[in-house]
Amino acid sequence: MKFSTLAEYFEKLEGTSKRLELIDILSDLFKKAETSEIGKICYLIQGRVAPFYEPTEIGMAENMVAVAIGRAFNKSKEEVIKLYLKKGNIGLAAEELASKYKHKGELSVTGVFEELLKIAKFEGVGTVEKKVSTLSDLLKKVNPKGAKHIVNIPLDTLRLGVGDPTILDALSLAKHGDKSLRPTLEGGYNKTSDLGLVAETFFKKGTTGIKSIELIVGKPVRPALAERLPSADEAIKRLGKEFAAEPKFDGFRVAVHKNKDKISLFSRNLENTTHAFPDLVGGVEKEVKAESAILEGEAIAYNPQTQEFLPFQETTKRRRKYKVEEMAKKLPLVLFAFDLLYLNGRDITQKPYKGRRKLLESIIAKDGLVIKLSEERILHKTSEITDFFNEVVSEGLEGLMLKKLDSPYIAGGRGFHWVKFKRSQAGALVDTVDCVLLGVYAGKGKRTEFGVGGVLVGVYDDKKDEFVSITRLGTGLTDDEFRRVHEISKKLKVERKPARVNSDIKPSFWVEPKIVLEIASDEITRSPIHTAGRDKDGSGYALRFPRLVKFREADKRAEDATTVEEIKKLYSQQFNHRKK
Ligand code: AMP
């Protein structure tokens, strides 16, 4: 496929504000593409040249891109920037300049992809010059619309508004005629997090190919998630007569991938964080006894002298890009391992929890200082849950995770195989809600100073791949938090409502749904205004008296926010709670 054809599809995607149309446009695109291009197209749609978890970045800032555009079309950098400021978007500036230029030949999708990948891989002396000249040559070999979209890729400003589930729907529709294969495709995606790989396997080998996808060391697995239940009695009903209980550590989740001496770490939102935690990497080298393994644990700052767990605010200081060695000495982490997914060449996710735990115990050094096994107790009764819960809470931990003994590891799924029991928040609502920032209200009065007066947030409807509004938040933010929202929203502002956002309420401006905010509130109520979980009678759900607990941009993607299904459950649980 010629890149200009792909650029036409990008135009169509950009032009719609309806999610169903996104699916149709994408499906049409996949039908027209060669099988060998499908994977690359999946990455390009998301503005990437590799799966999102790979740290392959094009690495060009605005200035460098402006120089490349100028060089391609015989303009100075200043002229390009002037036009860019006038047009408000660097892509539109590139398009206008390209339209006055007769392009040389025309590259295919694969041709453009390979050039962009080349730019991402340059390193060492003369990198800047090589990147600029390769991009400028590339811009001369595509049409004006092509140039428009290409320059947005290095700057991460390609805003097509397409989420992973939408791509999976479109793949199913393109090859199968309807969307019924999305769950099958999701299965392959949950194991590898690699949309390109899933798409290409599907087009080459059909559903048989997808079903035979296994975990691959180095490709992050979408994490298993826990359900909430309002009482220990209800938990026992779900988990059976015998179940495991582990402390719920309030740190951050880390997935360790080890293949001989190559070790990678991934965060909860599947970002490669290996560089940030040299102490954990060293710990895995010494204390994990396996040729190859994928294991999961919670990293938490820990004082080995006093055996004290430090609060989340301390642990989270370790999430940084600079001075990582210095911080590793100041605030050492301990990784409490709680699950094993892969061992010595074998995907063991289908083994029951009990068996996986045994294998995990067999590969973690007994006297290790960095990698420790999470404590596990096999329990049977409500009173045992309460005792263990009180014990861990008094040690400063968050609560308990209860686990079903015979359950496989359910990648990418929330289910009753894991039940979380957290310290109850003040008020009736038993848990906080992870919301997605959808829009911003301009500041009035004192708040003009921050540029933000309040925000509109939503939750995620994973069936429809849509973000639906659930509350406005104004008074629950501190001055610093307002400033932070302002900084974030400047980068994510979009001209009109993104196609995947479904809201009747209009903020002053919309942002790309990307940032997750953890929000506490007193109660979930029914609401005619909000679209979260809206039923036939027009009634949705809302959060009453919302307050910001923390920004979760470092560990959750928008699609990891609380789902509409969870909101419905929380709503009914608070009723059960009150009846008691
Ligand atoms: P939540 O983020 O409240 O949905 O809780 C689930 C998170 O708890 C997981 O993603 C882990 O990061 C964390 N966690 C802490 N301790 C454990 C444990 N023992 N087993 C599983 N997850 C744990």
Side-chain angles (χ1 to χ4, degrees), residues 48 50-57 164 187-198 201 212-225 249 251-300 318-319 321 324 328 333-351 353 355-357 359-365 368 370-374 408-413 554-557 560:
R48 309 232 356 124
F52 69 89
Y53 58 80
E54 265 186 30
T56 310
E57 304 294 342
D164 301 345
Y189 183 53
N190 287 340
K191 289 182 195 159
T192 58
S193 309
D194 187 341
L195 261 188
L197 173 86
V198 170
T201 308
S212 55
I213 289 180
E214 288 206 330
L215 302 199
I216 300 168
V217 181
K219 288 191 187 286
V221 183
R222 303 191 71 221
L225 301 169
F249 305 93
F252 47 83
R253 191 167 182 156
V254 174
V256 175
H257 287 235
K258 174 180 185 327
N259 191 2
K260 298 205 175 96
D261 51 5
K262 180 159 173 34
I263 292 161
S264 328
L265 308 178
F266 294 96
S267 65
R268 160 78 171 74
N269 60 349
L270 313 179
E271 226 177 90
N272 189 319
T273 50
T274 316
H275 57 279
F277 308 114
D279 45 344
L280 293 183
V281 172
V284 173
E285 272 165 6
K286 290 201 199 88
E287 300 169 16
V288 174
K289 312 285 173 208
E291 274 283 296
S292 63
I294 301 177
L295 60 92
E296 278 193 324
E298 187 87 352
I300 182 164
R318 287 295 312 276
R319 281 215 197 95
K321 290 204 168 114
V324 291
L333 295 175
V334 167
L335 184 76
F336 287 92
F338 56 71
D339 215 322
L340 182 66
L341 285 62
Y342 186 95
L343 181 63
N344 296 336
R346 280 179 50 222
D347 178 340
I348 57 164
T349 47
Q350 294 314 304
K351 269 188 183 296
Y353 163 82
R356 299 198 310 277
R357 170 83 196 192
L359 291 172
L360 178 67
E361 284 169 10
S362 74
I363 64 164
I364 306 258
V370 182
I371 315 292
K372 293 179 183 289
L373 270 175
S374 74
Y409 184 91
I410 304 175
D555 70 339
K556 289 208 169 173
R557 296 202 295 158
D560 299 325

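Below, all heavy atoms of this structure are taken into account, side chains as well, without hydrogens, waters or symmetry copies. Bear in mind the structure is a predicted one, so any value in this text is a computation, not a measurement.
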Contact between Ile363 and Leu359 at the side-chain level, heavy atoms closer than 4.5 Å - yes or no? no

State, to 0.1 Å, how close Thr192 and Leu197 come at their nearest heavy-atom pair, and which atoms those are. CG2-CD2, 3.9 Å

Using side chain to side chain donor-acceptor pair (under 3.5 Å) as the criterion, list what pairs up with Thr56, not counting sequence neighbours. Glu54

Rounded to the nearest 0.5 Å, how far apart are CD of Glu214 and CD of Gln350? 9.5 Å

Arg557-Ser267 side chain donor-acceptor pair, cut-off 3.5 Å: no

Does Tyr409 have Arg356 sitting over its ring (NZ/CZ under 6.0 Å from centre, angle to axis within 45°)? no

NZ of Lys321 to NE2 of His275, rounded to nearest 0.5 Å, is 6.5 Å

For the student: nearest non-hydrogen atoms of Leu335 and Gly297, plus distance: CD1-C, 3.7 Å

For Ser374, is there any backbone N or O sitting under 3.5 Å from a side-chain donor or acceptor partner on Lys372? no

Do any N or O atoms from the side chain of Asn344 and from the backbone of Ser292 form a donor-acceptor pair under 3.5 angstrom? yes

Tell me whether the count of non-hydrogen atoms from other residues, nucleotides or ligands lying under 6.0 Å of NZ in Lys351 goes above 12. no

Can you tell me if Glu298 uses its side chain to pair, donor with acceptor, with the backbone of Phe336 under 3.5 Å? no

To the nearest 0.5 Å, what is the distance between CG on Leu215 and OG1 on Thr349? 5.0 Å

Looking at every non-hydrogen atom in both residues, tell me the closest pair between Val221 and Leu270 and how far apart they are. O-CD2, 3.5 Å

Apply the side-chain contact (heavy atoms from CB on, under 4.5 Å) test between Leu295 and each candidate in Val284, Leu343, Val256; give the one that qualifies. Val256

How many angstroms lie between CG in Leu373 and CZ in Phe338, if you round to the nearest 0.5 Å? 12.0 Å

Looking only at heavy atoms, what is the nearest atom pair of Arg222 and Ser193, with distance? CG-OG, 3.4 Å

Counting only N and O atoms by type, is there a donor-acceptor contact under 3.5 Å from the side chain of Asn272 to the main-chain atoms of Pro55? no

Distance check, rounded to the nearest 0.5 Å: Phe277 atom CZ versus Ile263 atom CD1? 15.0 Å

Roughly how far, to the nearest 0.5 Å, is CG of Leu341 from CZ of Arg346? 13.0 Å

Under the salt bridge (Lys or Arg N to Asp or Glu O under 4.0 Å) rule, what pairs show up with a residue in residues 278-291, not counting sequence neighbours? Asp279-Arg318

Nearest heavy-atom contact between Phe249 and Ile300 is CB-CD1, 4.4 Å

Minimum-distance pair of heavy atoms, taken over all atoms of Ala290 and Lys258: O-NZ, 2.9 Å

Student check: side-chain heavy atoms of Thr273 and Val254 closer than 4.5 Å: no

pair Arg268-Leu225: side-chain heavy atoms closer than 4.5 Å: yes

According to the interplanar angle, ranging from 0 to 90°, do the rings of Phe266 and Tyr53 count as parallel (below 30°), tilted (30 to 60°) or perpendicular (above 60°)? perpendicular

Is it the case that the side chain of Lys191 and the backbone of Ile213 share a donor-acceptor pair, with hydrogens and angles ignored and the cut-off at 3.5 Å? yes

